[in-house]
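Some notes on the structure that comes next.
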Number of protein chains: 2
Amino acid sequence: MTEECTAREVLDRVGGKWSIAIIVAAAQGPVRFTELERSIVGISRRMLALTLRNLERDGLLTRTVFATVPPRVEYLATDLSREIYDALVTLTTWAERHRMEIASARAAYDQRALE
Amino acid sequence: MTEECTAREVLDRVGGKWSIAIIVAAAQGPVRFTELERSIVGISRRMLALTLRNLERDGLLTRTVFATVPPRVEYLATDLSREIYDALVTLTTWAERHRMEIASARAAYDQRALE
DNA sequence: CCGGATCCGGAACGATACTG
DNA sequence: CAGTATCGTTCCGGATCCGG
């Protein structure tokens with residue numbers, strides 16, 4: 001039942017609320033937990049930890065722990081997730097460029113629905 | 001509050017469970033409701049209707065009603081959503097190619113967690 | 001500093017029956 | 001044919017507290 005792992009299930013992981021931002025950030029170079037927490041606006045500590053764990057589980061991210069004090073954990077995109085880096089950046093910049101356009105399309109649609 | 005419409009909110013719409021499949025299908029040419037229902041494996045009638053409405057609302061799909069009997073409604077990707085067609089196809093084929101790899105990465109991770 | 005564990009409200013999702 | 005209405009469930013995500 002959960003054994004399927006169809007293409008759509010894979011995309012669910014990538015399409016998770018925060019996955020794209022995390023993958024893109026971790027593709028540039030190793031990033032620490034707190035760096036991600038600061039750079040990704042709006043993410044909660046819990047969701048960051050949870051998404052990181054899931055991405056690591058699927059082999060999209062590596063997690064390296066340094067036995068120092070204070071502790072230091074670095075996350076890095078794997079070759080696998082790097083393959084879609086360009087596509088993810090395309091989506092992100094597209095979303096950024098057209099967000100106003102989409103917002104007004106939404107507003108216009110809702111306006112028509114009122115009468 | 002819900003007024004933000006940041007890039008991430010836009011991506012949430014595109015990243016919905018069924019949005020990618022629908023956009024890709026509607027980018028090839030006009031498609032009817034029942035065609036989509038048959039071609040997208042696992043989607044429920046309710047979610048198809050709901051996702052179509054949201055995509056139309058955001059200006060990513062057009063909806064054309066023909067006043068015939070039986071009724072006929074066609075959906076078609078807009079220029080806006082076509083801009084990300086290539087990226088979406090890239091993601092889909094990537095997911096398809098690596099799903100086994102990801103499934104075993106997940107299994108290996110879960111295995112290590114057991115001891 | 002880097003997380004894990006728990007609780008909880010709401011949103012997303014699915015199945016099915018019904019309708020113009 | 002192309003949806004809507006209703007109901008029940010599951011899961012996401014925020015808040016908070018705890019630990020190595």
Side-chain angles (χ1 to χ4, degrees), chain A residues 1-4 6 8-9 11-22 25-26 30-58 61-76 106 109 113, chain B residues 1-2 4 6 8-22 25-26 30-58 61-76 109-110 112-114:
Chain A
M1 177 171 291
T2 56
E3 297 295 346
E4 303 248 357
T6 146
R8 246 229 48 267
E9 295 203 18
L11 289 179
D12 269 356
R13 179 90 352 136
V14 176
K17 190 168 181 181
W18 308 102
S19 303
I20 294 185
I22 293 179
V31 276
R32 303 183 59 176
F33 188 92
T34 314
E35 285 183 272
L36 289 168
E37 193 178 6
R38 276 194 306 261
S39 65
I40 301 176
V41 181
I43 194 170
S44 68
R45 188 162 294 198
R46 167 185 149 85
M47 286 315 296
L48 177 56
L50 230 154
T51 308
L52 284 172
R53 174 195 284 271
N54 281 330
L55 291 175
E56 182 201 0
R57 187 163 96 110
D58 285 0
L61 244 52
T62 62
R63 179 174 180 269
T64 311
V65 183
F66 297 88
T68 60
V69 178
R72 173 192 184 86
V73 181
E74 284 182 352
Y75 296 90
L76 186 62
R106 197 179 300 189
Y109 184 95
Chain B
M1 177 171 289
T2 56
E4 303 246 358
T6 146
R8 244 229 51 264
E9 293 203 21
V10 173
L11 289 179
D12 268 357
R13 179 89 353 138
V14 176
K17 190 168 182 180
W18 307 102
S19 302
I20 293 184
I22 292 179
V31 276
R32 304 181 58 174
F33 189 91
T34 315
E35 286 183 89
L36 288 169
E37 192 178 6
R38 275 194 306 259
S39 67
I40 301 176
V41 181
I43 196 172
S44 68
R45 187 162 293 203
R46 169 186 150 82
M47 285 316 296
L48 178 56
L50 233 156
T51 309
L52 284 172
R53 174 190 287 269
N54 281 330
L55 291 175
E56 182 200 359
R57 187 163 95 109
D58 284 2
L61 245 52
T62 63
R63 178 174 180 270
T64 311
V65 182
F66 298 88
T68 60
V69 178
R72 174 190 186 86
V73 180
E74 284 182 351
Y75 295 91
L76 186 61
Y109 184 94
D110 294 347
R112 284 197 304 272
L114 285 184

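To find a chain, count down the sequence lines: A is the first, B the second, and so on, and within it residues start at 1.
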Rounded distance in Å - CZ (B:Arg45) to P (C:dT19)
15 Å
Which nucleotide, D:dG14, D:dT4, C:dC1, lies nearest any side-chain atom of B:Ala49?
D:dT4
Ranking A:Ser44 and B:Arg72 by the position along DNA chain D of their nearest nucleotide, the one closer to 5' is B:Arg72
For B:Arg13 versus B:Asp58, what's the shortest heavy-atom pair and its separation?
CD-OD2, 3.1 Å
Starting from P on C:dC13, measure out to CG on B:Asn54 and report it in whole angstrom.
10 Å
Determine the minimum heavy-atom distance between A:Ile20 and A:Val14, stating which atoms define it.
CG1-O, 3.5 Å
Taking OP1 and OP2 of C:dC1, is either one under 4.0 Å from a side-chain nitrogen or oxygen of A:Arg32?
no
When rounded to whole Å, the CZ to P distance for the pair B:Phe66 and D:dG3 reads 12 Å
Expressed in angstrom and rounded to an integer, what is the separation of B:Glu35 atom CD from D:dG3 atom C1'?
16 Å
By the 4.0 Å heavy-atom rule, please label B:Tyr75 as base, sugar-phosphate, or nothing.
sugar-phosphate
Check: protein-nucleotides 5-12 of chain C nitrogen or oxygen pairs below 3.5 Å:
from  : atom 1 : to      : atom 2 : distance (Å)
C:dT6 : O4     : A:Arg46 : NH1    : 3.3

Separation of atom CG in A:Leu50 from atom P in D:dG14, rounded to whole Å
11 Å
Starting at atom CD of B:Glu74, determine the distance to atom P of D:dA2, rounded to an integer number of angstrom.
9 Å
Tightest non-hydrogen contact, residues A:Leu61 and A:Ala26, listed as CD1-CB, 4.1 Å
Taking side chain to side chain donor-acceptor pair (under 3.5 Å) as the definition, give me every residue that meets it alongside B:Arg72, ordered by chain and number, with sequence neighbours left out.
B:Glu74
Please report the distance, rounded to the nearest Å, between CZ in B:Arg63 and P in D:dC1.
16 Å
Test item: A:Glu35 and A:Tyr75 side chains (from C-beta on) under 4.5 Å apart, heavy atoms:
no
Salt bridge B:Lys17-A:Asp12, side-chain N to carboxylate O under 4.0 Å:
no
Could you state the CD-C1' distance from B:Glu37 to C:dT16, rounded to the nearest angstrom?
13 Å
Would you say B:Thr34 reaches D:dA2's phosphate, i.e. side-chain N/O to OP1/OP2 under 4.0 Å?
yes
For residues B:Leu76 and B:Thr64, determine if any side-chain heavy atom of one lies less than 4.5 Å from a side-chain heavy atom of the other.
no
